[in-house]
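Every value quoted in this text rests on a predicted model; they were computed, and no experiment measured them.
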Amino acid sequence: MVMCHVTMLDGSQFPCEVEKRAKGQYLFFKVYEALNLLEKDYFGLSYKDNSDQTCWLDPTKEIKRQIRNDTWQFAFNVKFYPPDPSQLTEDITRYLLCLQLRQDIVSGRLPCSFVTHSLLGSYALQAELGDHDSGEHRLDYISDFQFAPSQTKEMEEKVVELHKTHRGMTPAQADAQFLENAKKLSMYGVDLHHAKDSEGVDIMLGVCANGLLIYKDRLRINRFAWPKILKISYKRSNFYIKIRPGETEQFESSVGFKLPNHRAAKRVWKVCVENHTFFRLMTPEAPTKAKFLTLGSKFRYSGRTQAQTRQASTLIDRPAPYFERTSSKRISRSLDGAPVINVTEAQELAPTSGENGREPGLELSSDSKDLDKTQEDVLKHQASISELKRSFMEATPEPRPSQWEKRLTASPATSLRLQAQGSLEEEITSILFSKFACESGLVDPGCTTTRRAAEGAVVTASGPLASAPLTTEVLLSTDESKPTKHQRCPPSRTQEPLPDLTVDTVAKSADDKQKSGEAAWQAAEVEIEETVVIEEIRVAPKGSVTTPVLITPVAMETEVEKPKEEVKEEQKRPVSVSSDSEEEEEEEAGEYHPQVTVSASVDQIKEEPEEEEEEEEEEEEEQQVNEEPEPVAEAGPLPTEPQLAPVAEESPEDILVTPDEAPNGHAESREGHHGPVALEEQEEEEPRVNGDASHSETERLPQVICCSEPPVVKTEMVTISDTFAAQKTEIATKEVPIVHTETKTITYEAAQLDGSGDGEPGVLMTAQTITSESLCTTTTTHITKTLKGGLSETRIEKRIVITGDSDIDHDQALAQAIKEAKEQHPDMSVTRVVVHKETELAEEGED
Amino acid sequence: MAGVMTGFGNFTHAVVRAIPSSLAKEALRMNVLDVDLVKAQREHEVYVGVLKHKLGLQVIELPADESLPDCVFVEDAAVVCGDTALITRPGAESRRKETEAMRRALKELDLNIFEMSDENATLDGGDVLFTGREFFVGLSKRTNQKGAEILADVFKDYAVSTVPVTDGLHLKSFCSMGGPGLIVIGSSEPAQKALKIMQQMSDHRYNKLTVPDDIAANTIYMNLPSKGHVLLHCTPEEFPESAKVFEKLKDHMLIPVSNMEKVKVDGALTCCSVLINKKAKV
């Protein structure tokens, strides 16, 4: 057990003992429980990292692994400032928001004019002291309060003058008035980050509910509303946003900013992802996690969105909870009665007034005894509330430890964090194995339109490793396609099987074209933690194709047995849903796409599958063990956990997809579609890599499908722009950004069978991510099962990140990794190998 | 006490200044045009008369200064918002002294006065568009980044966004507020471009009223207790097409005000007054 100290908004310390391995949410839960706070989603716990930067504690991750130091010191803060506080349900929530804003004002984070300082100060006084009493309140009662970063006598007089005008206002009303005025301030809820533009000019990035604001000194020089932003990414210490083209513009443009270091870039990226999700989406993007094989940062916002929390708030049905305001000693304070003020008490408070930016009296919190009784009652009451809450929270994804997390925590390997600093070289290699098992298939007429846009995106990177010198990724992908008895798409056996192994070059070239546009961008993101790998393999409608999957029958059983609570209307017509979204988003290959419609982004929050899903996965795992000749978890340098999660659909109802997932998934999967590709490779390709990983691969693989990027990636699309709005449109983005790394990405691909080539992206059945780490390699295995047309397909992608200095034989490590992957999945074929090598040229690694 | 950002268009006072005879020959202008001094003075009298008599504002009339040919355009000398006034540093050197009389007048009105003492900063009030929720500052021949920064520093409550002004003298040479959340905008390409930028930069949505003539987009909006929405705009004689557009504003009390002579020296309607909302002391 470890003792955590949480500084509350009223300045008090909340000690809390947690398990050493406790996750952030545990502590968070303890805190809001102590506060008796239900509308908790606006709040978060922050901590200072080693460089004294404030970070948000991720509820889904272990505390210990986040704080990286021994001071278990946190602060309870508002994380998402509600644009309209009057829509908050409870006064206690508003009260806490007021406290946060008072802190923000006093610290200068929220700048105000003289008049506003005075006005807000007067409401704070009214809330805290009640009506001004000229008989008892001498002018100096106020000097103990802090209203502004620097407070003049003149201001204090003004505050008193205004305070007098609030007579009769209850504390709750005063808080509400305070918020009504504070919310209009231009910097309300804006989270500022220092950055530089392309010319090295100091600017500030402001993340808020509406989007991203760019400031130079105090001036707003640009603004990117969330709907304008297609993608948010970061690479090294650069932070990029991709902008939706305006009415008159034809192309998307990207804007890059230089952050002080990698961590800062990641931090701003995270905040953007969270704010976008919270304020713009109806639900977090968790559903998509099932869809994609994603590598890199696993980070996604996992809490409730504003929409969800508002909805949740409507169910709050409790008497307004008693809570102490800052001047907690005044017993008479009740929620709505005008407080009876006792001057002597007010003066007692005086000495406690904070020079440290705190309101006076803030420190006095929970020491009064009679309060405890009330608390108890309240807590009792809250228990029922939490019941209620829990019951409807179940509808939304709540963080839950996944199998993998559990397993990982047990594994000694996990404790090995790669923390190599000052890397000189970095290499990422992705290898994609793919196995097809088609018993029969469907031909969808739309198949010819399949595209390979996703390939460009196969470049991946991972956060913690970003600074590590060498990264090698191996993507291992297996496809198993089975007929389904889906009523809507009965296997169309009447279709002519496609001739074996035709490579659809047309599709490819078109795709390449597309890629050339995207490639540059994607290349730029190579190091971004957040790049997504999407690989969809379409299986030709062949009766004859390769090995029928052993798994199938078993899987079916499992599926059938499972009670499906998730059956939704939409699932029965995933196809139509998908095509809608496809149109909009076809070019997007992954990443965090902050659009409401898109959720193209990969969700890597593997740690919280829904309960049902979890169970499902468990069962699948068991099956897996049965079916797989190979032991599942291989010890060794490449500890992968093959999870051929089999899903066979008996009926549409069995599809384990929430309505949210379906459209999202479709949108993405489309991109991943490969044109019809030859099949025969799958048996032959033996990527035995010896010395030179890339080259040997090239030779061995019968078809090198694409080498999507030139060895040295010039990230042409990206501009570290000067952000002047006026020029922004014209400047567009043809400059080469400052990227201090040299990246090399080579993709090898086996020809793939892709007969069914239906334009439809298929329905995601399950997805899993497994991560394991050893000394210099980190293996991430993604297993997804998709139902497309009549085929079920399993794909395994492994990303092996090899990090190390030049004294590690990267090629050797890669060869070993590929070999092991092959050994583990003897019945699969490699469909793609992406080697990404990144060499850091100038910067010292910051992570 | 009104809260932050309430009462857009509420004014009680106006500061104006008489036209010096030097205006005809010496006032700065972008196009060489002859100004009929007498006509201009009469025009200005009508303008002041509207403020004073028709709208009932308390008008502070500063005397003309012959050494300051442009002094009638008081707007450039100060930016007033709420109880706060920023005395500017006009971009044209010949106009710097115009601020002195303005400063005195505003001090007398008991406003919180801020100075723009930085010698690298320039700012003309004509480049400052206050929408009620935020400021847009035109970066023009007369106003620079530093000036805008100082303005942002003075009016901390509000977002201050910069808008490049490539054509025309000032930002308000082609736009103004026509009501709460209503931007009147000229139809020229630069004007439309500036509007786009403003829309992009803003967290708020604005309606727009597009008029064919850029300079006709310069109007004066007020919201007066006894009169409701009031809009001073160009006359049909000057800009017949634009004047028609204003007639669409059914809720507004429309007052056409001639500006035929002053416009020759780039003076627009807003240029000739500084409007102030001075609440009665509690």
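Here the side chains of A:Arg223 and B:Asp203 are in contact, with some heavy-atom distance below 4.5 Å.
Proximity to chain B is limited to the side chain of A:Leu213, based on heavy atoms less than 4.5 angstrom apart. Neither the backbone nor the side chain of B:Thr166 comes within less than 4.5 Å of any heavy atom of chain A.
Highest contact tally toward chain A, considering only B:Gly82, B:Ala152, B:Ala194, is held by B:Ala152 [criterion: heavy-atom pairs under 4.5 Å]. Counting heavy-atom pairs under 4.5 Å between each of A:Cys112, A:Cys208, A:Ala209 and chain B puts A:Cys112 at the top. For chain A, the option among B:Val154, B:Asp153, B:Thr84, B:Ile150 with the highest count of heavy-atom pairs below 4.5 Å is B:Asp153.
Judged purely by atom type and a 3.5 angstrom limit, A:Arg220 uses its side chain to pair as donor or acceptor with the backbone of B:Met201.
One distance of note links OG of B:Ser161 with CD1 of A:Ile214; it measures 11.5 Å at 0.5 Å rounding. If you take CD on B:Glu149 and CG on A:Leu219, they are separated by 5.0 Å, rounding to the nearest 0.5 Å. The CG atom of B:Asp157 sits 5.0 Å away from atom CG of A:Leu185, with the distance rounded to the nearest 0.5 Å. Note: B:Asn112 CG to A:Phe114 CZ = 6.5 Å, rounded to the nearest 0.5 Å. With values rounded to the nearest 0.5 angstrom, B:Asp83 atom CG is found 10.0 Å from A:Ser118 atom OG.
Within 6.0 Å of atom NE2 in B:His204, more than 12 heavy atoms from other residues, nucleotides or ligands are found, so the atom counts as buried in its surroundings. At most 12 heavy atoms of other shown residues, nucleotides or ligands fall within 6.0 angstrom of atom NZ in B:Lys196. Remark: B:Glu119 CD is loosely packed, at most 12 non-hydrogen atoms of other residues, nucleotides or ligands lying under 6.0 Å away.
A:Asn222 and B:Gln200 are linked by a side-chain donor-acceptor pair at a separation below 3.5 angstrom, with hydrogens and angles left out of the test.
Taking A:Pro111 as the reference, A:Met187, A:Arg218, B:Lys156 meet the side-chain contact (heavy atoms from CB on, under 4.5 Å) condition, with sequence neighbours excluded. A search for side-chain contact (heavy atoms from CB on, under 4.5 Å) contacts involving B:Ala78 returns B:Ile87, B:Met102, B:Leu106, not counting sequence neighbours.
Between A:Ser186 and B:Ala159, the shortest heavy-atom distance links the atoms CB-N, 3.0 Å.
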